[in-house]
Amino acid sequence: MAAIQRRQFDTLIIGAGGGGLRAALRLSEAEASVAVVSKVFPTRSHTVAAQGGMNAALANVSPDNWHWHMFDTIKGSDYLGDQDAIEYMCRAAPKAVYELEHFGVPFSRLDNGSIYQRAFGGQSQNFGGDQAVRTCAAADRTGHAILHSLYQQNIRAKTHFFDEYFSVDLLKDEEGHVLGALVFNIMDGQPLIIEAKTTLLATGGAGQIYRNTTNAMINTGDGLGMALRAGVPLQDMEFFQFHPTGIAGRGMLITEAARGEGGYLVNGEGERLMERYAPKAKDLASRDVVSRAIATEIREGRGCGVNKDHVLLKLDHLGEAVIQQRLPGIRQTCMTFLGIDPAEAAIPVSPTAHYTMGGIPTNRHAQVVVPVKDTPEEAVYGLYAAGECACVSVHGANRLGGNSLLDILVFGRAAANHIIGHLAENRYHRPMDESSVEKAMQRFQRWNKNPGQDGESVNVLRHELKTVMEKHCGVFRNEAVLREGVEQIEQLAERVKDAKIEDHSDTFNTARVEALELENLIACGLATMHSAFARTESRGAHSRMDYPERDDKNWMRHSLYSLDTGLDYKPVRTKPVSVDSFPPKPRIY
Ligand SMILES: Cc1cc2nc3c(=O)[nH]c(=O)nc-3n(C[C@H](O)[C@H](O)[C@H](O)COP(=O)(O)OP(=O)(O)OC[C@H]3O[C@@H](n4cnc5c(N)ncnc54)[C@H](O)[C@@H]3O)c2cc1C
């Protein structure tokens with residue numbers, strides 16, 4: 001076999017969404033040599049699909065300050081979020097927005113010229129008072145505006161892009177330091193070793209583990225799979241967010257901004273259902289609460305349509321002008337996929353898989369941390385993670401809408417800041433352990449040959465995985481259903497070892513890409529199902545019918561799932577940096 005080509009950079013960033021690009025920009029501006037690897041052209045990353053906006057206590061529309069944003073985020077997280085990281089994020093938010101403005105993001109404007117902000121779920125003034133208006137938006141295409149601006153700024157700063165390269169696995173030295181990754185060029189199938197002094201995982205979420213999802217086809221949890229195989233456990237994977245308003249049966253997202261602008265949900269009997277579940281915040285309660293409310297209405301026979309399997313989102317009372325100005329993207333989506341104009345008719349919606357709260361454990365500098373002996377959080381040398389693939393954890397058991405765009409920008413930048421310090425102290429590349437290259441190559445080449453004539457197809461297994469996750473790890477869970485889920489997903493993990501693809505060519509072999517993605521999806525599915533089975537309480541998005549209460553005595557702790565040793569736990573960081581801690585309280589909206 002010909003020697004594998006090698007390239008050296010100061011930093012390798014895997015992922016060109018908002019998180020990866022924010023870090024890359026800061027590093028390139030600091031004169032570091034940066035490689036950004038992305039399996040799709042950068043501006044096709046899922047950040048481009050973000051609609052509603054990004055939270056920051058700018059107080060342009062209502063009174064607001066970062067303490068209230070911090071309180072809302074902790075309450076939204078059902079007290080599982082780490083309070084030091086949440087403080088860091090909420091304090092940094094206004095600066096993150098102004099930076100974007102200077103990068104060229106065309107935010108919508110108020111009449112007085114300042115940045116437009118809209119109401120979103122779970123936002124309040126004065127620690128639980130009236131609705132705060134905190135979400136900065138560029139109409140309902142905020143992610144699109146952010147991603148394109150960041151990409152252009154990176155081109156200006158001369159970041160080196162490897163577009164349409166797929167990252168297979170992390171590479172290490174003999175002491176376990178992370179020294180880059182094995183990637184391959186999707187265009188010609190050729191492998192490439194990228195050696196780097198620091199590696200940042202910014203690969204986004206794993207929403208494709210579910211059948212009905214708002215997530216792009218590319219959101220297959222590859223970074224999570226790479227971390228697991230490198231011996232890093234995944235944190236809090238049982239907390240998967242279901243967005244209340246996906247288009248029923250199809251999954252496309254109708255942004256929370258639709259309710260922020262005044263839209264509301266009605267059931268089959270024509271009632272405004274949220275009045276019953278969240279008397280004060282109503283349709284702007286946090287996402288787990290609204291998703292459970294809709295699922296309950298459907299389960300109890302008050303759904304809409306012939307099968308009573310969805311509810312309706314009403315926007316027609318807002319008037320065509322507001323819809324066209326503030327929600328043009330979702331209007332277009334409804335017209336294209338449903339043949340409905342929301343200015344005239346209600347939209348059929350149901351809860352849809354949306355966001356991976358769990359992920360690769362990091363501290364607030366985005367360093368990946370693992371438990372070592374009695375230390376719950378020791379940094380892994382050279383390895384960072386930011387964005388949806390990371391678990392800092394600022395979202396805890398339930399993320400607030402508008403906090404993810406904020407998270408990816410704040411922690412993308414924080415990662416770059418820490419990496420700059422690391423590079424100053426570690427000036428030379430370390431020698432690679434060639435056995436780690438061999439291991440990664442084996443995984444890459446395994447799909448070139450079929451293990452047996454009767455191996456199953458990747459497509460069939462992928463479909464089965466999504467169905468198992470939906471059936472056994474959905475909005476409501478219980479022991480019997482989860483137990484069966486664990487068994488089925490363990491079987492899938494075995495069956496994939498003998499799976500096959502028919503196409504072994506090198507040029508644009510998407511079958512091979514999908515096979516490698518399937519392995520990552522199954523790893524994420526295992527982590528999610530096992531962690532959900534073990535957590536015998538209800539908190540945030542993890543709702544157990546058999547354990548309906550939150551149990552702070554036993555479960556104020558993060559789950560850590562690893563492939564070799566299964567489940568472990570570590571305490572929640574309840575001490576902020578500069579303010580008093582927010583102790584757990586009943587969560588009422
Ligand atoms: C439809 C939708 C609407 C949303 N709206 C909002 C909103 O209004 N406000 C908000 O705060 N949040 C929103 N979110 C959530 C938010 O957009 C995402 O969490 C966030 O953009 C993720 O950014 P990221 O940088 O972590 O990853 P992504 O943008 O998902 O990018 C991941 C990158 O990793 C690369 N990658 C992955 N695997 C590999 C591999 N193996 N090899 C090479 N490259 C790889 C991909 O090519 C891509 O470049 C929304 C999400 C969705 C799905």
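Indexing begins at 1, ligand by ligand and atom by atom, following the structure's order.
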- Got a donor-acceptor contact below 3.5 angstrom from the R7 side chain to the A35 backbone?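 Pair absent, no side-chain N/O of R7 close to backbone of A35.
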- Compute the minimum heavy-atom distance from Q51 to ligand 1 and say whether it is under 4.0 Å. yes
Between [X] and ligand 1, find which residue part has any heavy-atom pair under 4.0 Å and reply side chain, backbone, both or neither.
X    : answer
T47  : both
Y355 : side chain
P42  : neither
D407 : neither
M54  : neither
R399 : side chain

- Could you tell me which non-hydrogen atom of I347 sits nearest to which non-hydrogen atom of L315, and how far apart they are?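 In this case the closest contact between I347 and L315 is CD1-CD1, 3.9 Å.
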- Message: Can you confirm whether the side chains of D64 and S62 place a donor and an acceptor under 3.5 Å from each other?
- Response: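 No, because no side-chain N or O of D64 sits under 3.5 Å from a partner of the opposite role on S62.
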- Out of A50, G204, A16, who gets a non-hydrogen atom closest to atom 4 (C) of ligand 1? A50
- Rounding to 0.5 Å, atoms OG1 (T510) and CG (D503) come to a distance of 7.0 Å
